[in-house]
Structure formats: structure tokens, C-alpha cells
Amino acid sequence: MADDTKRRALRLAPDTGTAGAPSRNQGRAGKGRRAPRFQIKRPEGTLIQAVSELVMSAGGVGPAGELVDRSKSQMARYTDEAAPDHMPVNVVRTLERIVGRPVVTRFLAASCGHALVPVNAGAADDPIGVDVARLAADFAKFFEDYQTAITDQVSPGEVDPREAGMLRVRLHEMLGSVGLLLRDLDEIQNPEAFGQNSDVRNQMSEGVL
């Protein structure tokens, strides 16, 4: 009789690996697993955030690693601010060429007080009105983020470091739009010279010069 009762209890117990006792995995249920470090959002306006954005723009740590012959774990370390590894310049150059945006180079230039101006962007052929509208939209985003920063409840009337990083990203976008608009104005003022310069820039981008 006692044996029958024990067998019934075992049949009713959940399949946990140990009769009647919660398994290790079951005990962790509900607590939630931490996201991998490379998926954690980095502080805006920082070098590690720029590197992370570049990697994600190239498809993530796995696909980006395949593009530059690096392992997934190595790419993850490049985006981990706690790791001693830093992404080499040649890897940055390759990924930026593939994604078509100087994500890390633009941050480095801005940190030294300089701005990048695109000389051979696909959008450079857009009419001047389109480029003006793009710049206006970028400015509107910047102004909206600024208003949000100075009216929040954490630091009203001030811009905190996190918000400064966010505004820096918006300014980078505006600088790119300014560069395209400058090309439009150069072409209007001196179309012949602009055409010759465009040929030279195209050859440079293709590695001819």
C-alpha cells in the first residue's frame, strides 16, 4: 500500500529531474536571464557606443565578425566597455566601407573638434530642395531632443551627460546633411569645376588614385 502511494506521488510530481523537487532551471524561472553584454545599450555619444552601432549596422557580432575574419566572441569584446580589447583601425575601415557610414570615424573627428563632410555620398545627387528638407528634419530632431532634455524631471533646465551624448548624435546627423547641402551649393556656383572634382573623388573612392 505504501509503495502504491509513493508511485502515485512520483507520477504526479512535475518532470524536474528530481522527484517532487524543483530543478535548477525551474528554480530560476521567473527571474529572467540577463541579456548578453553586447546587446546592452551603450551610453550615447561615447566611443564604445559608436563601435557598437557600427557592429550592429553590419548585422551584429556574428555577421560583422565574418566580414572581417574575427570570431563572434572577439567582436563582442570590441563592444564591451569592460573588456581591454579595442577595435583595430583596419577593422573599423572595412566595416565602415561595407555599411556606407563613417560611424566611428565621425565620432573620433568630433571628439577632436572636427567634422566630416561627405564627398561622394549617394544622396549627393538629390536636388537642393531635398537636402534642405533633410537638414531641416535633422534640426527638428535635435531641437526636440533638446527640449526633452531641459524639461525632464531628473535635471530640469539642464542637460545631463546622457542627454549630451544623445544631442551629440543628432549633431553628427546634421553635419552630414550640411555636407550634402554644401555640395549642392558648390555645384550651383561652379558646375564645371565641380564635375571635374567629382571625377577625381569617384576615382579615389574606387581606389584608382
## Note on the structure
Residues R170 and F142: closest non-hydrogen pair is CB-CD1, 3.8 Å
### Message
Are L185 and I128 packed together at the side-chain level, in the sense that at least one heavy-atom pair is separated by less than 4.5 angstrom?
### Response
yes
### Message
Using a 3.5 Å distance criterion without hydrogens, assess whether the side chain of D152 forms a donor-acceptor pair with backbone atoms of S155.
### Response
yes
### Task
Spell out, as yes or no, whether a donor-acceptor pair under 3.5 Å connects the side chain of E96 to the backbone of V103.
yes
#### Entry: Heavy-atom check, side chain of T46 versus side chain of E81, under 4.5 Å
no
### Query
Given the rule that I, L, V, M, F, W and Y join up when any side-chain heavy atoms are under 4.5 Å apart, are I150 and V154 in one cluster?
no
### Query
After noting the C-alpha distance and the side-chain angles of D138 and L175, does the key distance pass the side chain to side chain contact (heavy atoms under 4.5 Å, CB included) rule?
CA-CA 9 Å; D138 289 342; L175 289 173; over 6 Å; no
### Message
Test side chain to side chain contact (heavy atoms under 4.5 Å, CB included) on M87 and M75; report intermediate values, then the result.
### Response
CA-CA 8 Å; M87 182 176 287; M75 297 302 294; 4.0 Å; yes
### Task
Report yes or no: do V89 and L67 belong to one cluster of Ile/Leu/Val/Met/Phe/Trp/Tyr joined by side chain heavy-atom distances under 4.5 Å?
no
### Query
Can you name the salt bridge (Lys or Arg N to Asp or Glu O under 4.0 Å) partners of D160, sequence neighbours left out?
none
### Query
Any side-chain heavy atom of L95 within less than 4.5 Å of one from V68?
yes
### Query
Are L182 and V132 in one and the same hydrophobic cluster, where Ile, Leu, Val, Met, Phe, Trp and Tyr link if side-chain heavy atoms are under 4.5 Å apart?
yes
### Summary
What one should report as the nearest heavy-atom pair of P127 and D184 is O-OD2, 4.3 Å
## Note on the structure
So CG of L167 and CE of M174: to nearest 0.5 Å the spacing works out to 10.5 Å
### Message
Quick check: closest heavy atoms across R101 and S57, and the distance to 0.1 Å?
### Response
NH2-OG, 2.7 Å
### Salt bridge flag under 4.0 Å for residues D131 and R134
yes
### Residues, nucleotides or ligands: over 12 heavy atoms within 6.0 Å of D69 CG
no
### Message
Can you tell me how far apart CD (Q49) and CZ (R168) are? Round to the nearest 0.5 Å.
### Response
11.0 Å
#### Entry: Audit row: V99, L54, side chain to side chain contact (heavy atoms under 4.5 Å, CB included) steps and yes/no
CA-CA 8 Å; V99 304; L54 177 60; 3.8 Å; yes
## Note on the structure
Partner of Q74 under side-chain contact (heavy atoms from CB on, under 4.5 Å), picked from V91, V61, D85, is D85
### Task
Under the side chain to side chain contact (heavy atoms under 4.5 Å, CB included) rule, what do Y146 and V159 come out as? Steps first, then yes or no, please.
CA-CA 8 Å; Y146 174 74; V159 176; 4.1 Å; yes
### Message
For a quick test of reading the model, state the closest non-hydrogen atom pair linking P63 to A58 and the distance between them.
### Response
CB-O, 3.8 Å
